Amino acid sequence: MTALVRLRLDIGYDGSDFAGWARQPGQRTVQGVIEDALARVLRLDPPPVLTVAGRTDAGVHARGQVAHVVVPVAAYSAVNGTLPRRLAGLLPPDVRVWRVRTAPEGFDARFSALSRRYAYRVCDDPVGVDPLRRHDVLWHPRPLDISRMNAATKLMLGEHDFAAFCRKREGATTIRELQVFEWNREEKHFAVATVKADAFCHSMVRALVGALLVVGDGRRDIDWPAEVLGARVRDSAVNVAPAHGLSLEEISYPDDADLALRAQQTRRVRTLG
């Protein structure tokens, strides 16, 4: 039998010109581009398959994406220590593999993760966003009151059924633990939301941001997002914020000794107590 090794990849990308992370026929995707580059460097046919920590949608960026891949030991040994540099010569400039290392025992990029942290960037300058930041910052033409927005987010923290802010998938739970949701101003007209949870369901972060923007500009009351959350039904009044303001910043994992146990726990379908 062929000896195999599991590798961890740390990845960043500008999602502007990608049709999301997941490989799709006829579409340019982050997964497809990286897998094809790996296949060329490692001389594998068919290409190896990446398992990712967080599947990002079309237009969403990442600074701290993590994936794992299983490849033959012989193929990896032939390029060990030079794989990131070799990939840099093949990958387009809008995606980078920063590090490649042998994964510790029990590591699963998706199921071993403790949390995912996203940032959503918004400019509320009435004259618009800096043209050099137009691909990663949303322009919101109304002034935002950060104190109102943070008062609203505090009502949503903890473990809840986030069905009101998710696109439901058959057989999948929408119960999540929202660990951090806060807004800060880095400059006068530049606001950043930090959103951290054990996991996110489809479109959850962008829907949460969309709900908070209308609180910040005064069109909705502070307690409105929490009321929507409590209803557990997708609300048509919640506008999903555009993809380009969103970036996956960090994936957190437990100590190596706890990786396998964490993966086992994550695979269980959760219910609210």
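Keep in mind the model is a prediction, meaning the values are calculated, not measured.
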S.K.: With a 4.5 Å heavy-atom cut-off, do I34 and W21 have their side chains touching?
M.R.: yes

S.K.: Could you tell me whether a side-chain N or O of R167 sits under 3.5 Å from a main-chain N or O of A163, the two making a donor and an acceptor?
M.R.: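 No; judged by distance alone, with no hydrogens or angles, the pair does not exist.
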
S.K.: Would the distance check show the side chain of D255 and the main-chain N or O of A257 forming a donor-acceptor pair, the cut-off being under 3.5 Å?
M.R.: no

S.K.: For the side chain of T153 and the backbone of F181, is there at least one donor-acceptor N/O pair under 3.5 Å apart?
M.R.: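 Yes, T153 side chain to F181 backbone: donor-acceptor pair under 3.5 Å.
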
S.K.: Is there a side-chain contact between V192 and Y120, using heavy atoms and a 4.5 Å cut-off?
M.R.: no

S.K.: For residues E250 and S252, determine if any side-chain heavy atom of one lies less than 4.5 Å from a side-chain heavy atom of the other.
M.R.: yes

S.K.: Report yes or no: do V30 and V205 belong to one cluster of Ile/Leu/Val/Met/Phe/Trp/Tyr joined by side chain heavy-atom distances under 4.5 Å?
M.R.: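 They do not share one cluster, since no chain of ILVMFWY contacts under 4.5 Å joins V30 to V205.
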
S.K.: Taking C-beta and beyond as the side chain, do D36 and R23 meet within less than 4.5 Å on heavy atoms?
M.R.: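 When only atoms from C-beta onward are counted, R23 and D36 do touch, with a gap below 4.5 Å.
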
S.K.: Consider only side-chain N and O atoms of T56 and Y13, and report whether a donor and an acceptor are under 3.5 Å apart.
M.R.: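 Side chains of T56 and Y13: pair found under 3.5 Å.
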
S.K.: Would a hydrophobic clustering, with Ile, Leu, Val, Met, Phe, Trp and Tyr connected at side-chain separations under 4.5 Å, put V5 with V69?
M.R.: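 Looking at the clustering, V69 is in the same group as V5.
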
S.K.: Sort out for me which residue in L44, V97, L9, V71 forms a side chain to side chain contact (heavy atoms under 4.5 Å, CB included) with L38.
M.R.: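 When side chain to side chain contact (heavy atoms under 4.5 Å, CB included) is applied between L38 and each of L44, V97, L9, V71, only L9 qualifies.
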
S.K.: To the nearest 0.5 Å, tell me how far H202 NE2 sits from C166 SG.
M.R.: 10.0 Å

S.K.: Quick one: pull up CG in L229 and CG in D161 and give me the separation to the nearest 0.5 Å.
M.R.: 8.0 Å

S.K.: Verify, without hydrogens or angle tests, whether T82 (side chain) and V79 (backbone) share a donor-acceptor contact under 3.5 angstrom.
M.R.: yes

S.K.: If only atom types and distance count, is the side chain of R86 paired as donor or acceptor with the main-chain N or O of L83 below 3.5 Å?
M.R.: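 Such a contact is absent between R86 side chain and L83 backbone.
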
S.K.: Side chains of L87 and V41: closer than 4.5 Å at any heavy-atom pair?
M.R.: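 Yes - at least one pair of side-chain heavy atoms lies under 4.5 Å apart.
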
S.K.: Check G64 against I251 and note the closest heavy-atom contact, atom names and distance.
M.R.: O-CG1, 3.4 Å

S.K.: Should V240 and V238 be counted in the same cluster of Ile, Leu, Val, Met, Phe, Trp and Tyr side chains packed under 4.5 Å apart?
M.R.: no

S.K.: Is R142 close to L144 at the side-chain level, that is, under 4.5 Å between some pair of heavy atoms?
M.R.: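 Sidechains of R142 and L144: no contact.
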
S.K.: Do we get R220 above W224's six-membered ring, with its NZ or CZ under 6.0 Å from the centre and within 45° of the axis?
M.R.: yes

S.K.: Could you measure the distance from the CD atom of E159 to the CD atom of Q179? Nearest 0.5 Å is fine.
M.R.: 10.5 Å

S.K.: Go through the steps for V195 and R117 under the test side-chain contact (heavy atoms from CB on, under 4.5 Å), then give the verdict.
M.R.: CA-CA 6 Å; V195 192; R117 177 171 62 85; over 6 Å; no

S.K.: What distance separates F190 CZ from C123 SG, expressed to the nearest 0.5 Å?
M.R.: 8.0 Å

S.K.: Heavy-atom count around R43 CZ within 6.0 Å, excluding the residue itself: above 12?
M.R.: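 Open.
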
S.K.: I'd like to know whether H140 forms a side-chain contact (heavy atoms from CB on, under 4.5 Å) with D217, so could you lay out the CA-CA distance, the side-chain angles of the two residues, the decisive distance to 0.1 Å, and finally the verdict.
M.R.: CA-CA 9 Å; H140 189 77; D217 64 23; 3.0 Å; yes

S.K.: Looking at every heavy atom in both A19 and Q27, which two are closest together, and how far apart are they?
M.R.: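 Closest approach of A19 to Q27: CB-OE1, 3.5 Å.
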
S.K.: Treating W98 as the side-chain partner and P84 as the backbone partner, does any N or O pair qualify as donor plus acceptor under 3.5 Å?
M.R.: no

S.K.: Counting only heavy atoms from other residues, nucleotides and ligands, does the tally under 6.0 Å from CZ of R8 exceed 12?
M.R.: yes

S.K.: Report the distance from atom CZ of R85 to atom CG of L90, rounding to the nearest 0.5 Å.
M.R.: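 With rounding to 0.5 Å, CZ (R85) is 11.5 Å from CG (L90).
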
S.K.: Could you check whether R63 pairs with D14 (Lys NZ or Arg NE/NH1/NH2 to Asp/Glu carboxylate O, under 4.0 Å)?
M.R.: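 Not counted as a salt bridge, because no side-chain N and carboxylate O are separated by less than 4.0 Å.
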
S.K.: So, do R206 and L246 sit near enough that their side-chain heavy atoms are less than 4.5 Å apart?
M.R.: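 In short, these two side chains touch, coming nearer than 4.5 Å.
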
S.K.: Closest approach of W183 and A191, non-hydrogen atoms and distance?
M.R.: CE3-CB, 4.2 Å

S.K.: Heavy atoms, side chains only, cut-off 4.5 Å: are R101 and L7 in contact?
M.R.: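 Heavy-atom side-chain distance check fails, nothing below 4.5 Å.
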
S.K.: In terms of relative ring orientation, are F162 and H160 parallel, tilted or perpendicular, with 30° and 60° separating the classes?
M.R.: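 Perpendicular, since the angle between the ring planes exceeds 60°.
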
S.K.: Restricting to side-chain contact (heavy atoms from CB on, under 4.5 Å), what partner residues turn up for R6, sequence neighbours left out?
M.R.: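 Partners of R6 by the side-chain contact (heavy atoms from CB on, under 4.5 Å) criterion, ordered by chain and then number, come out as H68, V70, A103, D108.
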
S.K.: Ignoring hydrogens, what is the shortest heavy-atom contact between P47 and E35? Give both atom names and the distance.
M.R.: CB-O, 3.7 Å

S.K.: Report whether V100 and V73 are members of the same hydrophobic cluster (ILVMFWY, side-chain heavy atoms less than 4.5 Å apart, transitive linking).
M.R.: yes

S.K.: What's the shortest heavy-atom distance between G106 and S112, and which atoms?
M.R.: O-OG, 3.3 Å

S.K.: Decide whether V228 and I175 are clustered together by the hydrophobic rule: side chain heavy atoms of Ile, Leu, Val, Met, Phe, Trp, Tyr closer than 4.5 Å, transitively.
M.R.: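 In one cluster with V228: I175, no.
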
S.K.: I need the minimum non-hydrogen distance between G54 and L248, along with the two atoms involved.
M.R.: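 Looking at all heavy atoms of both residues, the closest pair is O-CD2, 4.4 Å.
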
S.K.: Hey, does the side chain of R96 reach the backbone of L91 with a donor-acceptor pair shorter than 3.5 angstrom?
M.R.: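 Yes, because the side chain of R96 sits within donor-acceptor range (under 3.5 Å) of the backbone of L91.
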
S.K.: Please answer whether the main-chain N or O of D10 pairs with a side-chain N or O of Q65 as donor and acceptor at a distance below 3.5 Å.
M.R.: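 No, Q65 side chain to D10 backbone: no donor-acceptor pair under 3.5 Å.
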
S.K.: Would you call the rings of Y253 and F107 parallel, tilted or perpendicular, taking 30° and 60° as the class edges?
M.R.: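 Ring orientation of Y253 relative to F107: tilted.
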
S.K.: Before giving the answer on side-chain contact (heavy atoms from CB on, under 4.5 Å), spell out for D94 and R28 the whole-Å C-alpha distance, their side-chain angles and the decisive distance to 0.1 Å.
M.R.: CA-CA 12 Å; D94 52 358; R28 183 176 186 262; 2.9 Å; yes

S.K.: What do the steps show when you test V33 against F18 for side-chain contact (heavy atoms from CB on, under 4.5 Å), and what is the final call?
M.R.: CA-CA 10 Å; V33 166; F18 286 105; 3.8 Å; yes

S.K.: Is there a donor-acceptor pair closer than 3.5 Å between any side-chain N or O of R219 and the backbone N or O of G216?
M.R.: no

S.K.: Output yes when a side-chain donor or acceptor of D221 lies under 3.5 Å from a complementary backbone atom of D223, and no otherwise.
M.R.: no

S.K.: May I ask you to decide whether D198 forms a salt bridge with R116, counting only side-chain N to carboxylate O separations under 4.0 Å?
M.R.: no

S.K.: State whether D124 and R185 are salt-bridged, where the test is any N-O pair (Lys NZ or Arg NE/NH1/NH2 against Asp/Glu carboxylate O) under 4.0 Å.
M.R.: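 Salt bridge between D124 and R185, a charged N being under 4.0 Å from a carboxylate O: yes.
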
S.K.: Do the side chains of E249 and R121 get close enough for a salt bridge, i.e. N-O under 4.0 angstrom?
M.R.: yes

S.K.: Would you give the length of the straight line joining atom CZ of R133 to atom CG of D136, rounded to the nearest 0.5 angstrom?
M.R.: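 Spacing of CZ (R133) from CG (D136) equals 4.0 Å.
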
